[in-house]
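Remember, predicted model here, so these are calculated numbers, not experimental data. Order of the sequence lines sets the chain letters (A, B, ...), proteins ahead of strands, with each chain counted from 1.
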Protein chains: 2
Amino acid sequence: MAHSHDDHAGHDHVWAADLTRNQALVLGALAHADTPLSAYQLLDQLRAEGLRAPLQVYRALEKLVERGLAHRLESLNAFVACADEHCHRTGLIAFAICSTCGKVDEFADTIIEDRLGAWSEGQGFTVERTTMEIRGTCGSCAAS
Amino acid sequence: MAHSHDDHAGHDHVWAADLTRNQALVLGALAHADTPLSAYQLLDQLRAEGLRAPLQVYRALEKLVERGLAHRLESLNAFVACADEHCHRTGLIAFAICSTCGKVDEFADTIIEDRLGAWSEGQGFTVERTTMEIRGTCGSCAAS
DNA sequence: TGCGATATGTAATAACATAACAAATCGCGC
DNA sequence: GCGCGATTTGTTATGTTATTACATATCGCA
């Protein structure tokens with residue numbers, strides 16, 4: 001179900017895409033969070049909207065991740081909304097996760113992508129997806 | 001407790017390190033497996049040796065991973081023994097995981113490491129550890 | 001209208017991981 | 001060898017994350 005929002009234009013066409021109600025609820029919750037949320041945290045937040053079972057959340061997440069609108073952070077078992085810039089990127093995305101404040105920075109690096117591509121080609125390995133997560137302390141937290 | 005072993009020389013100094021019984025059992029099981037094993041799979045395999053509770057396995061794994069003798073694959077919630085070559089590497093290690101046969105290839109790439117280092121420095125982000133896992137189909141499986 | 005594909009709801013259960021506490025063992029100075 | 005702190009172990013219980021199975025509803029479209 002399409003929903004109103006106040007994001008800037010770059011996001012609109014994405015939000016307008018035909019998300020189902022549950023998908024929109026989950027993506028909305030992720031977009032308003034400033035740290036990753038686990039499926040069960042999402043469920044708790046969305047009980048007020050009528051969600052009752054983990055599966056409702058997992059199913060929504062599955063579609064959102066599939067479409068690149070959300071990402072799963074494997075090292076956290078949690079999810080984030082995709083940052084605007086990369087919404088339509090097909091390539092590799094890396095995440096820097098601050099252990100102190102929990103915030104996540106999403107970035108892309110074509111050289112890394114190329115290196116992985118080269119390795120894969122050399123090995124005859126066909127890449128389906130890549131997980132790249134760095135854990136540590138972000139600049140602001142280090143400053144404090 | 002130190003334990004006797006019959007492994008070949010290249011491995012010995014590592015195995016000879018003072019592993020406790022549980023650690024040695026877990027590392028042994030991982031070393032003999034040709035795919036990653038989950039903590040519960042390890043537990044099942046090691047019940048014959050007297051292990052009874054998940055925590056016994058998790059504790060052993062924690063130490064092994066800490067010492068770089070085993071690695072946790074975040075995208076699988078499973079563990080592998082470290083491949084010989086990198087046992088003493090301090091740097092970033094990447095894993096290529098075949099979705100078909102389950103085998104895992106471990107490799108290092110200093111350029112990727114440098115790129116991540118550069119990004120981190122630019123952001124003031126202090127890296128503690130990095131997860132890098134590529135999922136796909138390995139050469140032999142693609143050939144079949 | 002009817003039909004296949006997709007999405008939903010619900011309950012039950014599987015799989016992964018940790019907390020809390022007691023007991024045993026190890027390393028080591030004496 | 002004795003004692004003591006640090007580490008490892010054993011055990012129970014519980015918490016967290018994810019999926020299976022099945023019934024129902026809705027959507028897109030001929």
Side-chain angles (χ1 to χ4, degrees), chain A residues 1-3 16-30 33 35-67 69-80 97 99 102 131 133 135, chain B residues 1-3 16-30 33 35-67 69-80 97 99 102 131 133 135:
Chain A
M1 196 122 320
H3 70 293
D18 62 336
L19 296 176
T20 66
R21 171 176 159 82
N22 288 358
Q23 288 163 19
L25 287 171
V26 168
L27 184 52
L30 287 177
T35 56
L37 296 176
S38 73
Y40 281 78
Q41 289 174 319
L42 284 164
L43 177 56
D44 285 343
Q45 288 196 16
L46 294 173
R47 273 187 214 284
E49 316 293 336
L51 293 209
R52 295 160 164 279
L55 203 48
Q56 296 177 286
V57 173
Y58 279 107
R59 286 200 278 227
L61 285 169
E62 182 183 15
K63 294 300 179 187
L64 293 172
V65 169
E66 206 172 284
R67 294 175 55 169
L69 303 177
H71 304 293
R72 178 188 175 91
L73 299 175
E74 301 285 359
S75 68
L76 253 31
N77 294 330
F79 301 83
V80 287
I97 303 167
S99 308
T131 295
E133 300 173 17
R135 306 287 298 270
Chain B
M1 145 179 344
H3 72 292
D18 62 337
L19 295 177
T20 66
R21 171 174 159 84
N22 288 357
Q23 289 163 18
L25 287 171
V26 168
L27 184 52
L30 287 177
T35 57
L37 297 177
S38 73
Y40 281 78
Q41 288 174 321
L42 285 164
L43 178 55
D44 285 344
Q45 287 196 17
L46 295 174
R47 272 186 216 284
E49 316 293 336
L51 294 209
R52 297 160 163 279
L55 206 46
Q56 296 177 286
V57 174
Y58 279 108
R59 287 199 278 225
L61 286 169
E62 184 184 13
K63 296 297 179 189
L64 293 172
V65 168
E66 207 172 284
R67 294 174 55 170
L69 302 177
H71 303 293
R72 176 188 175 89
L73 299 174
E74 300 285 359
S75 68
L76 291 179
N77 293 330
F79 301 82
V80 286
I97 303 166
S99 308
T131 296
E133 300 173 17
R135 306 287 296 271

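- Put simply, the side chain of R72(A) reaches to within 4.5 Å of the side chain of N77(A), judged on heavy atoms.
- Considering every non-hydrogen atom in both P36(A) and L73(A), the closest pair reads CG-CD1, 3.5 Å.
- Aromatic stacking of Y40(A) on dT17(D): satisfied, with centres closer than 5.5 Å and planes within an angle under 30 degrees.
- A close approach under 4.0 Å does not occur between any side-chain nitrogen or oxygen of T20(A) and OP1 or OP2 of dT6(C).
- The distance from atom CG of L76(B) to atom C1' of dA18(D) is 15 Å, rounded to the nearest whole Å.
- The distance from atom CD of E74(B) to atom P of dA18(D) is 12 Å, rounded to the nearest whole Å.
- The shortest heavy-atom contact between V26(B) and L64(B) is CG1-CD1, 3.8 Å.
- In this structure, N77(B) does not reach the dA18(D) phosphate: none of its side-chain N or O atoms is under 4.0 Å from OP1 or OP2.
- Side-chain atoms of E133(B) come within 3.5 Å of backbone atoms of S75(B) as a donor-acceptor pair (strictly under, hydrogens ignored).
- Separation of atoms CG (L69(A)) and CZ (F79(A)) is listed at 14.0 Å; rounding is to 0.5 Å.
- Residue L61(B) contributes atom CG, which lies 15 Å from atom C1' of dT8(D) at whole-angstrom precision.
- Ranked by how close their nearest DNA chain C nucleotide is to the 5' end, Q41(B) and Q23(A) are led by Q23(A).
- Comparing A60(B) and S38(A) against DNA chain D, the residue whose closest nucleotide sits nearer the 5' end is A60(B).
- Helix-axis bend for the helix from dT1(C)-dA30(D) to dC30(C)-dG1(D): the local axis fitted to the five terminal pairs at one end deviates from that at the other end by 30°, rounded to 10°.
- For the segment residues 51-59 of chain A, the set of residues with a heavy atom within less than 4.0 Å of an atom of DNA chain C comprises R52(A), A53(A), L55(A), Q56(A), R59(A), in numerical order.
- Atom CG of L46(A) is separated from atom C1' of dG9(C) by 15 Å (rounded to the nearest Å).
- At least one side-chain heavy atom of L61(B) sits less than 4.5 Å from a side-chain heavy atom of L30(B).
- Between L19(B) atom CG and dT7(D) atom P the separation is 17 Å, expressed in whole Å.
- In this structure the side chain of L76(B) reaches within 4.5 angstrom of the side chain of R135(B), judged on heavy atoms.
- The CG atom of L37(A) sits 15 Å away from the P atom of dT16(D) (whole-angstrom rounding).
- A side-chain donor-acceptor contact under 3.5 Å links Q23(B) to the backbone of T20(B).
- In terms of heavy atoms, P54(B) sits closest to Y40(B) at CG-OH, 3.3 Å.
- Side-chain contact between L37(B) and Q45(B): present, with at least one pair of heavy atoms (C-beta onward) separated by less than 4.5 Å.
- Atoms CD (E49(A)) and C1' (dG9(C)) sit 17 Å apart, rounded to a whole Å.
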Practice item. Between protein and nucleotides 25-30 of chain D, map the contacts as a letter string: B base, S sugar-phosphate only, - none, heavy atoms under 4.0 Å, written 5' to 3'. Key: ------
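- In this structure the side chain of K63(B) never reaches within 4.5 angstrom of the side chain of L19(B), judged on heavy atoms.
- In this entry the distance linking CG of L42(B) with C1' of dC16(C) reads 13 Å, nearest Å.
- Counting all heavy atoms, side chain and backbone alike, R52(A) lies closest to Q56(A) at N-OE1, 2.7 Å.
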